[in-house]
J.: 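The structure follows.
Below, chains carry the letters A, B, ... as their sequence lines are ordered, and counting in each starts from 1. For clarity, every value in this text was computed on a predicted model and none was experimentally measured.
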Amino acid sequence: MGKEQFNFVIVGHVDHGKSTLIGRLLYDTNSLPEGKMDELKKTCEMMGKPLEFAYLLDHLQEEREQNITIDTTQIFFKTQKKEYVIIDAPGHKEFLKNMITGASLAESAILIVDAKEGVQEQTKRHSYILGLLGLKQVIVVINKMDLVEYKKEKFEEIKKEIVSFLSRLNIYPSFIIPISAMEGDNIANKSKNIGWYEGLTVLEALDTFKDTDIMEEKALRLPIQDVYKFDERRILAGRIESGKIKKNDEIILLPEYTETIVKSIEEFNRQRDVVEAGISIGITTTEPIFTERGSVICKKGENLPKIINTLQGNIFWMSKTPFKKGERIFLKLATQEVECILEKIITKMNSSSLESIGNDETQIENTEVAKIICKLDKPIVVEDFNITPELGRFVLIQNEDICAGGILTNIYGD
Amino acid sequence: MEHLDELESRSIYIIREAYKQYKNIAMLWSIGKDSTTLLWLCRKTFFGHVPFPVVHIDTGYKFKEIYEFRENYAKEWDLNLLIAKNQKALDKGMGPISKLECCTQLKTIALKNFIDEKKFKALLLGIRRDEHGIRAKERVFSPRDTNFKWDYKNQPPELWDQYKTKAKEEIHLRVHPMLHWREIDIWKYIKRENIPMTDLYFAKNGKRYRSIGCHTCCNPIDSDADTIDKIIHELETTNTAERSGRAQDKEQAYMMQKLRMLGYM
């Protein structure tokens, strides 16, 4: 059975129309609760403003008064074919960490570009983040076509600009659609104003997207989250990130290389013989082995992940406190937690211009992206991001908050 | 993977992360459908046990059915049930004349005093994004400062199931394992798992409660849904918001935002 819900994020430069597009999607699919439009009209009148679709998402007082989205939000709607969760992401550079928070939950993305303004600073930065997060299913919408008199030439010009930019990031959009979110052109309904466009509407394009990888067909990876002993059972608990597990399976715990056998699959109010990727589960083992949070359960006979002492990765820095060469920092990868030292900054880039920042390889600053090498205090279990995303991406923690996200590179190299 | 399994597994993952980090944790149980489902998820997470206290914030204005249900299942499920009540305010006659003031005193302040007393570092709550626009802006691990305030303009980033780690000494964390559930998911899950629910949700004489708070401040909706199947069918076809019967959700005055900023659940 297919997935019932599909998450997509809408990103793009500030004022290019993200919130308006969402409002339009909800309005055109009849997803607004009864009375909501009236309530909205009243609120806008009270504030002395014309009707703003954006208010459907911008619930904070500050957001409405200043016409900006501060934090990411989610909203639900459905079409005949699928149910969707829309993730709205703020466009301001200042709220970048909120944008990343939202985008990290998505399986696909709509990148919105203003037909008059074209590619802007946040268009570039957001695109880079989509690439970093590994989002492959991307729709580009060229918005505010009404403001350029629905001209094909203008659309082609912006299209060329964005496609050429995205190709530098290895992002190849599945669809590029001319729209007007304000007027409702090519959102749920084909536009009469854009007769020259023969492709799909935004909704039709979304409906073509499919689920990402089938994780249960891969090798078993079960990172241990915790070990419980509430009664006579000693249960290793965690979520299966890939593969499947059943009673009597011969397993290996990494990085310690302990071997044992699955004695039972533990569940409350349910009993399954085989459990698959995505399920939070508990197991007991035939021998009382010592293990703890962070170890990864794999299956004997299947391919095994890699164990590393030094990590190389691309990171996106999102903290006002810079990350300095030689600094100790806390790293989390799946349920593994380890301290490490920033040994080397290989390259550093401005996330908007994507131009490399020369000379200063001593620290990484807010919104910069970098390729780094970190020396780990103890070995960790990793895998290629494209095989098991959970074991191929990590976060860095500074002052108790997440300050960077990263993807491992070159894990099979030297 | 089945939709309900996916929702369930994600919630269990979050509850385990919270419990791993904070042993001094508690769960808020309003006895409504969401927090009763959360309680059920906790039992699933820990294989039949609930290894922390379950707190009911008692405003004194709850329905009698709520109190009955609380007593029955606290016993049956062997819960460490704790009651938080702002008796001082109730003794002074606090009631829903000013709703903002009443909610703040009987819910927020009651909880704040209780946390101060019990020194809880983290609280599990059953709020969902689809309930209210303000709740949709929440993080899974959401810090509150010493004064209980929610700094919604500067929330910590969260990505890839990695959440905020150890909070500073004076901060407590709200943990929201069910943010990603929708109202209809809750009912489908209640049906699948056969989770007991208070009768107030089921229609009698053409009326039922869709969202339950204090009897003084929530109104039943017109409905003939007297079984779980009928409720699910009703939700599939309705166009009315879930909390339309709840007084504190009024759009105009940003009441929900003000309440949440002050520490409301």
J.: Rounded to the nearest 0.5 Å, how far does CZ of A/Arg270 lie from CZ of B/Arg192?
T.: 4.5 Å
J.: What's the separation between atom OG in A/Ser280 and atom CD1 in B/Ile12, rounded to the nearest 0.5 Å?
T.: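 It comes to 5.5 Å.
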J.: Tell me every residue that passes ring pair (Phe, Tyr, Trp, His ring centres under 6.0 Å) with B/Trp29, counting only those two or more places apart in sequence or in another chain.
T.: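 Testing B/Trp29 for ring pair (Phe, Tyr, Trp, His ring centres under 6.0 Å), a comparison that skips the adjacent residues, returns none.
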J.: Nearest 0.5 Å, what's the NZ-CG distance between B/Lys44 and A/Asn269?
T.: 5.5 Å
J.: Under 4.5 Å, counting heavy-atom pairs only, tell me which of A/Arg293, A/Glu266, A/Glu337 racks up the most with chain B.
T.: A/Arg293
J.: Anything under 30° is parallel, anything over 60° is perpendicular, the rest tilted; go ahead and classify B/Phe46 against A/Tyr228.
T.: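 B/Phe46 and A/Tyr228: perpendicular rings.
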J.: For B/Lys75, is the NZ atom crowded, meaning more than 12 foreign heavy atoms sit under 6.0 Å from it?
T.: no
J.: Please look at A/Ile397 and chain B and tell me whether the side chain, the backbone, both or neither of the residue comes under 4.5 angstrom of a heavy atom of that chain.
T.: side chain
J.: Under 4.5 Å heavy-atom distance to chain B, tell me which part of A/Leu333 shows up: side chain, backbone, both or neither.
T.: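 For A/Leu333, backbone heavy atoms alone lie under 4.5 Å from chain B.
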J.: For A/Leu105, is it the side chain, the backbone, both or neither that has a heavy atom under 4.5 Å from a heavy atom of chain B?
T.: side chain
J.: Please find the pair of heavy atoms, one from A/Gly405 and one from B/Leu159, that lie closest to each other, and give the distance.
T.: CA-CD1, 4.3 Å
J.: For B/Asp34, which residues count as a salt bridge (Lys or Arg N to Asp or Glu O under 4.0 Å) partner, sequence neighbours excluded?
T.: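 B/Asp34: salt bridge (Lys or Arg N to Asp or Glu O under 4.0 Å) contacts with B/Arg128.
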J.: The test is side chain to side chain contact (heavy atoms under 4.5 Å, CB included); show your working for A/Leu133 and B/Trp160 and say whether it passes.
T.: CA-CA 9 Å; A/Leu133 294 174; B/Trp160 303 324; 3.3 Å; yes
J.: To the nearest 0.5 Å, what is the distance between CD1 (A/Ile100) and CD (B/Glu158)?
T.: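 Interatomic distance, A/Ile100 CD1 to B/Glu158 CD, rounded to 0.5 Å: 13.5 Å.
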J.: Does the ring centre of A/Phe230 sit less than 6.0 Å away from the ring centre of B/Phe47?
T.: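 Not under 6.0 Å, so no.
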J.: Counting heavy-atom pairs under 4.5 Å to chain B, which of A/Val85, A/Ile281, A/Asn399 comes out on top?
T.: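 Of the options given, most contacts go to A/Ile281.
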J.: Does A/Tyr27, at its OH atom, have more than 12 non-hydrogen atoms belonging to other residues, nucleotides or ligands within less than 6.0 Å?
T.: no
J.: Does any backbone or side-chain atom of B/Asp130 lie under 4.5 Å from a heavy atom of chain A? Answer side chain, backbone, both or neither.
T.: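 Contact with chain A involves both backbone and side-chain atoms of B/Asp130.
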J.: So do A/Thr335 and B/Arg16 actually touch side chain to side chain, heavy atoms under 4.5 Å?
T.: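 A side-chain contact is absent here, since even the closest heavy-atom pair is not under 4.5 Å.
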J.: Give a yes or no on whether a salt bridge exists between A/Asp226 and B/Lys20, defined as a side-chain N under 4.0 angstrom from a carboxylate O.
T.: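 Looking at A/Asp226 and B/Lys20, the cut-off is met.
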J.: Tell me, side chain or backbone of A/Ala334 under 4.5 Å from chain B's heavy atoms, or both, or neither?
T.: backbone
J.: Counting only heavy atoms closer than 4.5 Å, note whether A/Phe76 contacts chain B via side chain, backbone, both or neither.
T.: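 The answer is the side chain of A/Phe76.
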J.: What's the separation between atom CG in A/Asp401 and atom CZ in B/Phe141, rounded to the nearest 0.5 Å?
T.: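 So the gap between those two atoms works out to 12.5 Å.
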J.: Nearest 0.5 angstrom please: B/Asp161 CG to A/Glu390 CD, how far?
T.: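 Answer rounded to 0.5 Å: 7.5 Å.
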J.: Does one side chain, of B/Arg139 or A/Asn98, offer a donor that lies under 3.5 Å from an acceptor on the other?
T.: yes
J.: Is the closest side-chain heavy-atom distance between B/Gln162 and A/Arg393 below 4.5 Å?
T.: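 No, side chains not in contact.
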J.: Apply the test side chain to side chain contact (heavy atoms under 4.5 Å, CB included) to residues A/Asn7 and B/His180: give CA-CA distance (whole Å), side-chain angles for both, the deciding distance (0.1 Å), then the verdict.
T.: CA-CA 11 Å; A/Asn7 300 324; B/His180 55 292; over 6 Å; no
J.: Should B/Asp5 and A/Glu276 be marked as a side chain to side chain contact (heavy atoms under 4.5 Å, CB included) after you check the CA-CA gap, both sets of side-chain angles, and the distance that decides it?
T.: CA-CA 11 Å; B/Asp5 284 341; A/Glu276 295 184 337; over 6 Å; no
J.: Looking at side-chain heavy atoms only, is the closest gap between A/Glu83 and B/Arg182 below 4.5 Å?
T.: yes
J.: Would you mind checking which part of A/Glu267 comes under 4.5 Å of any heavy atom in chain B, side chain (CB onward), backbone (N, CA, C, O), both or neither?
T.: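 Only the backbone of A/Glu267 comes within 4.5 Å of chain B.
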J.: For A/Gln225 and B/Tyr13, indicate whether the former's side chain and the latter's backbone hold a donor-acceptor pair under 3.5 Å.
T.: yes
